[in-house]
Amino acid sequence: MEPGSRLYTELFKKCTELGKLKEGQMAHAHFLASRFQHYVSLQCTVVNMYAKCGDMELARKAFDEMPERDMVSYTMLITGYSQSNGFKEALDLYVEMLKMGLQPNEFTFGSALKCAGGMQSDAMGRVIHGTCLKCGYDNNVYVGSALVDMYTRCKRIDDAKAIFNGLECKNEVSWNALIAAYAREGEGHNAVELFSEMKRVGFNPTHFTYSSIFAACASNGALEQGKWVHADMLKSGQKLVAFVGNTLLDMYGKAGSIDDAKKVFDRLVKKDIVSWNSMLTSYAQHGLGEKAVDLFEEMRGFGFQPNKITFLCVLNACSHSGLLDRGLYYFELLRKYKLEPDITHYVTVVDLLGRAGQLDRAQTFISEMTILPTAAVWKALLGACRMHKNMELGAYAAERVFELDPHDSGPHMLLSNMYASAGRLSDAARVRKMMNENGVKKEPACSWVEIGNSVHVFVANDENHPQREEIRRKWEEIRDGIEKIGYVPDTSHVLWFLDERERGERLQYHSEKLALAFAILNTAAGTTISIKKNIRVCGDCHSAFRFVSRLVGQEIVLRDTNRFHHFRSGSCSCRDYW
DNA sequence: CCCTTAACCG
């Protein structure tokens, strides 16, 4: 018996839903031989099926073979491209369809705007926005949310906010788009504020909302706030499914609670590859290399396939814990899993060798790389040279960095300070001059500390803080205390062109020291103090923090861009290996 | 028939 047209519809829909490409192709062939082959709606469904199965070539072919293409078929193909990063192709089609005199609908606009956002094309986005207005779709909730998202991705957050405020009809997605944007841009405070407002006016946060908020808390290291939102999510009855669970686990890891991260990991309803990778990353950030290795082996034991990122995570963990041989073994294992190492893996191996003091091996490793070394590779070597005080190789690595990435201030500062420490002041001055000539700006260092529900930010030599006098007095008192138990300031960590007295002075007001004094002033004895820094901790501050943890008997947790340092009774969890 | 929002890595 010949199938009816309805059956084809069902068949194509089923294949679309389950992502069954092969079966879809068979159904398609069957359909082309049937008496329904001229049904436009079925031809459309085929285009959509291929697009949703991720094969844009087949979708395009089916589209081109349609005798006449309507607005919906265009929209399906545009959407397909937009969902697989084919922004350019999608927008070309969008323009073509307008030329054909076909008027887009809210579906077309939604996808077209996603593409403009994906390409960060402000100009294209505005043109599409104009067409939305002309066609009367500007108040459609889908188009409105897509507009908000598009403007945020073009870094026009004010325009996005204006659109959002003007929307007569909002849904969760409209809120999520803006919240996600704040999280992406590192404005966690605004993200959380918008989250509260969203709830206040009666919208229910979704998995998307919670994911964005957790990501924001992760980058701010806002543990208390993160816990509060976690409690809120539990209260609202959301299940701990993989996606949002992974952001939660990542938040706990990055905000400083490895125990909570592990708890979330163990309670995940279903673990996916990202869950494992996130847990490995958490261990790496806390310097728990052995735990990371155990977890990686456990994962392999379960038959879970590691991907390239997994290897990056575990290599990174080995590097931070000085597990040299283990790391090199995993680098070899990468190929056994039929994974091709990319540049990021090479960077990590250079870091691994370099930190372990194997500078010659690191250099040989670089020279034997099958792909061209990037700036990141040389930066890793430079970092190792600073750590192990190898001036000559460090200068060589720095030169390579300057060729490949001339605008990064970090390597310039590093080399300049290395020269200064080695007493080569004219070389130090030369690098400094080069920086000025090339317009390289030094990134300002800052530290912040979360007390209760608010975050307090400090910059070096902070002149603007309302409690600055009190903070300075407190630090001086602490400094006297730690000097009595063995702290010796190391002035090689400040600008070499200041005189010795001024260097000693400046050193004492690094942002992390100010944050620490502030935290001691504002927390009860016995509380753990938690401080974050936007660049790596300075060597002198690291040493000072060790003594302070002994002096005041409080635990101090410091997160820098690389990892966590847990200071307790005079020593640090990194065992001064960083 | 077709749309918009979130995670792991240098």
Side-chain angles (χ1 to χ4, degrees), chain A residues 9 12-13 16 39-49 51-52 70-80 82-83 104-115 117 137 140-150 152-153 170-181 183-184 191 205-216 218 241-251 253-254 272-282 284 306-316 319 342-348 350-351 374-377 379-380 405 561-562:
Chain A
T9 313
F12 293 147
K13 272 168 83 173
T16 308
Y39 281 36
V40 174
S41 69
L42 277 171
Q43 292 167 352
C44 276
T45 312
V46 169
V47 172
N48 188 48
M49 175 186 73
K52 287 291 177 315
D70 62 355
M71 182 268 285
V72 173
S73 47
Y74 265 101
T75 301
M76 281 169 163
L77 200 59
I78 290 171
T79 300
S82 79
Q83 290 173 347
N105 67 2
E106 72 266 40
F107 296 91
T108 329
F109 284 128
S111 293
L113 288 166
K114 180 188 166 86
C115 294
Y137 279 108
N140 176 281
V141 64
Y142 288 105
V143 176
S145 302
L147 279 168
V148 170
D149 182 60
M150 181 276 291
T152 65
R153 290 185 198 273
K170 294 183 181 70
N171 64 7
E172 293 76 17
V173 181
S174 329
W175 288 88
N176 291 347
L178 202 54
I179 290 173
R184 254 196 323 267
T206 66
H207 282 158
F208 285 85
T209 327
Y210 286 112
S211 292
S212 295
I213 296 293
F214 291 142
V241 297
F243 207 114
V244 69
N246 293 340
T247 55
L248 181 63
L249 137 58
D250 180 58
M251 182 277 289
K254 293 205 169 117
D272 62 14
I273 188 69
V274 177
S275 319
W276 291 94
N277 293 351
S278 302
M279 196 63 229
L280 288 171
T281 299
S282 295
N307 65 11
K308 285 171 134 186
I309 296 179
T310 316
F311 275 99
L312 207 54
C313 297
V314 75
L315 283 169
N316 195 33
S319 171
D342 64 37
I343 193 69
T344 57
H345 298 99
Y346 286 101
V347 173
T348 314
V350 171
D351 189 59
T374 55
V377 173
K379 281 179 202 178
D405 181 12
T561 40
N562 246 333

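Given the structure is predicted, the values throughout are model-derived calculations rather than measurements.
- The nucleotide whose nearest atom lies closest to any side-chain atom of Lys52(A) is, among dT5(B), dT4(B), dC2(B), dC2(B).
- Nucleic acid contact class of Asp272(A) (heavy atoms, under 4.0 Å, all strands): base.
- Every side chain to side chain donor-acceptor pair (under 3.5 Å) that Asn105(A) has, sequence neighbours left out, goes to Thr108(A).
- Look at Gln83(A) and you'll find a side-chain N or O under 4.0 angstrom from OP1 or OP2 of dT4(B).
- Considering only side-chain atoms of Asn176(A), the nucleotide from dA7(B), dA6(B), dT5(B) that sits closest is dT5(B).
- Summarising the geometry of Asn277(A) relative to Cys313(A), their closest heavy-atom pair is O-SG, 3.6 Å, with the distance given to 0.1 Å.
- In this structure, Phe243(A) packs face-to-face on the six-membered ring of dA6(B), meeting both the 5.5 Å centre cutoff and the 30° plane limit.
- Between Met251(A) atom CE and dA6(B) atom C1' the separation is 14 Å, expressed in whole Å.
- Looking at residues two or more places apart in sequence or on another chain, you find a side chain to side chain contact (heavy atoms under 4.5 Å, CB included) between Asp342(A) and Lys308(A), Thr344(A), His345(A).
- Checked by atom type, the side-chain pair Thr45(A)/Asn48(A) shows no donor-acceptor distance below 3.5 Å.
- The side chain of Leu312(A) approaches dC9(B) more closely than any other nucleotide in the set dC2(B), dC9(B), dT4(B).
- Closest approach to the Cys44(A) side chain among dC8(B), dT4(B), dC1(B) is made by dC1(B) (side chain taken as heavy atoms from C-beta onward).
- Whole-Å rounding puts the Phe214(A) CZ to dT5(B) C1' distance at 16 Å.
- Nucleic acid contact class of Val347(A) (heavy atoms, under 4.0 Å, all strands): none.
- Out of dG10(B), dA7(B), dT5(B), the shortest distance to the side chain of Asn246(A) is found at dA7(B).
- One interatomic measurement links the two molecules: OH of Tyr137(A) to P of dC2(B), which rounds to 16 Å at whole-angstrom precision.
- Side-chain N or O atoms of Asn316(A) include none that pairs as donor or acceptor with a backbone N or O of Leu312(A) at under 3.5 Å.
- Ile78(A) places its CD1 atom 12 Å from the P atom of dT4(B), with the value rounded to the nearest Å.
- OP1 or OP2 of dG10(B) has at least one side-chain nitrogen or oxygen of Asn316(A) nearer than 4.0 Å.
- Of the candidates dA7(B), dA6(B), dT5(B), dA7(B) carries the atom nearest the Asp250(A) side chain, counting heavy atoms from C-beta on.
- Among dC2(B), dA6(B), dT4(B), the nucleotide with an atom closest to any side-chain atom of Ala146(A) is dT4(B).
- Rounded to whole angstrom, the span from the CG atom of Leu248(A) across to the P atom of dA7(B) amounts to 14 Å.
- Between Lys308(A) and dC8(B) there is no side-chain polar atom (N or O) within less than 4.0 angstrom of OP1 or OP2.
- Contact annotation: Arg184(A) side-chain N/O to dA6(B) OP1/OP2 distance is under 4.0 Å.
- Among dC1(B), dA6(B), dT4(B), the nucleotide with an atom closest to any side-chain atom of Val72(A) is dC1(B).
- With distances taken from any side-chain atom of Thr281(A) to the nucleotides dT5(B), dC2(B), dC8(B), the minimum falls on dC8(B).
- Rounded to a whole Å, the NZ atom of Lys254(A) is 9 Å from the C1' atom of dC9(B).
- Summarising the geometry, the separation between CZ on Phe107(A) and P on dC1(B) is reported as 9 Å, rounded to the nearest angstrom.
- Within 4.0 Å (heavy atoms only), Ser278(A) reaches sugar-phosphate atoms of the nucleic acid but no base atom.
- Nucleotide dT5(B) holds its P atom 4 Å from the NZ atom of Lys114(A), rounded to whole Å.
- Neither OP1 nor OP2 of dC2(B) sits under 4.0 Å from any side-chain N or O of Thr108(A).
- Closest of all the heavy-atom pairs between Ser282(A) and Gly253(A) is OG-CA, 3.5 Å.
- At a threshold of 4.0 angstrom between heavy atoms, the contacts of Ala376(A) with the nucleic acid are absent.
- When atom types are taken as modelled, the side chain of Ser319(A) and the backbone of Leu315(A) share no donor-acceptor pair closer than 3.5 angstrom.
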